[in-house]
Amino acid sequence: MTRKLRIGVLISGRGSNFKALLDATQQPDFPAEIVCVISNKGQAGGLEYARAAGIPAIVISHTGFASREAFDITVDDQLRRHQVDIVCLAGFMRVLSAEFINRWPDRILNIHPSLLPAFRGLHTHEKTLEAGCKIAGCTVHIVRPALDEGPILAQAAVPVLEGDSPGTLAARILEQEHRIYPEAVRLIAEGRVEIDGMVARIRDSAPTAQPLVNPAPRG
Ligand code: GAR
């Protein structure tokens, strides 16, 4: 097999998306491996998954830095030290500087719990419910300097149900996040993604034939 793509994962908390990536990369035929995990929070639950798997779990607390740029340079340094090819943001709740992003052109991926370009930023599930959406979802995209913007690699849609709270909606979306993030990484690792401005063209993809309609038509 050819060399596996080396992933550095950035987290801030629970790390369930990191865990989904970890599970995928532990399959022998998966074309990428996780070589380090960096958290800006020492208490991030996700660090435990890394430790249990014997993957370097690095804490770089942002509070110890005078500027965003100084923090980003230290993160960058660690990623390069581990010879990372691509960076996966997995619930990493810090805005990265444009300088950092430009040092990793089209090599940073992010997962966001909405169907971008709708509902960028924080409190996505609350905003989705307030807007009365009937369909919600999640997006994996390539990171560009503008917040939650960049070529879309994969999306999953779920219904918004009557009586949903931000928590129940988040749980339904999270399940899909765990499916599409490893798949998006696979597409990159297999060299099937071509970036054309803001559009990611995916070679040999299997399009979904089934539309999601909510509420389901009776007739
Ligand atoms: C996920 O829902 C992810 O999409 C979201 O934070 C959660 C992290 O969960 N990310 C963002 O909102 C980034 N803008 P996790 O730590 O269990 O992966």
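One-based numbering, in listed order, for ligands and for the atoms of each. Counting from 1, the numbers follow the sequence of the chain as shown.
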Nearest neighbour in protein (non-hydrogen) for atom 16 (O) of ligand 1: Gly15 N, 2.8 Å
Residue, atom and distance of the protein heavy atom nearest atom 14 (N) of ligand 1 read His112 ND1, 3.2 Å
If you measure from each heavy atom of Lys19 to ligand 1, is any distance below 4.0 Å? no
Between Pro145 and Asn102, what is the shortest heavy-atom contact and its length? CG-OD1, 3.9 Å
Under 4.0 Å between a side-chain nitrogen and a carboxylate oxygen: does that hold for Glu130 and Lys127? no
Considering the options Arg3, Lys4, Arg80, which one meets the salt bridge (charged side-chain N to carboxylate O under 4.0 Å, His left out) requirement together with Asp85? Arg3
Leu153 with Ile108, same ILVMFWY side-chain cluster at under 4.5 Å: no
So which heavy atom in the protein is nearest atom 8 (C) of ligand 1, and how far is it from that ligand atom? Gly91 CA, 3.6 Å
What one should report as the nearest heavy-atom pair of Ala24 and Pro182 is CB-CB, 3.6 Å
Does any N or O of ligand 1 fall below 3.5 Å from an N or O anywhere on Ser16, backbone included? yes
Give a yes or no on whether Ile11 and Ile86 share a hydrophobic cluster (residues Ile, Leu, Val, Met, Phe, Trp, Tyr; joining criterion: side-chain heavy atoms under 4.5 Å apart). yes
Measure the distance from atom 3 (C) of ligand 1 to every protein heavy atom, then report the residue, atom name and distance (to 0.1 Å) of the closest one. Glu177 OE1, 3.3 Å
What residue and heavy atom of the protein are closest to atom 11 (C) of ligand 1, and at what distance? Pro113 CD, 3.7 Å
Aromatic ring pairing Phe71/Phe92, orientation class (parallel under 30°, perpendicular over 60°, tilted between): parallel
Looking at ligand 1, does any of its N/O atoms fall within less than 3.5 Å of an N/O of Asn17? yes
Which residue supplies the protein heavy atom nearest to atom 10 (N) of ligand 1, what is that atom called, and how far is it? Ile111 O, 3.7 Å
Would you check whether Gly13 has a nitrogen or oxygen atom less than 3.5 angstrom from a nitrogen or oxygen atom of ligand 1? no
How close does the nearest protein non-hydrogen atom get to atom 7 (C) of ligand 1, and which residue and atom is it? Arg14 NH2, 4.2 Å
Is the closest basic N to carboxylate O distance between Asp72 and Arg103 below 4.0 Å? no
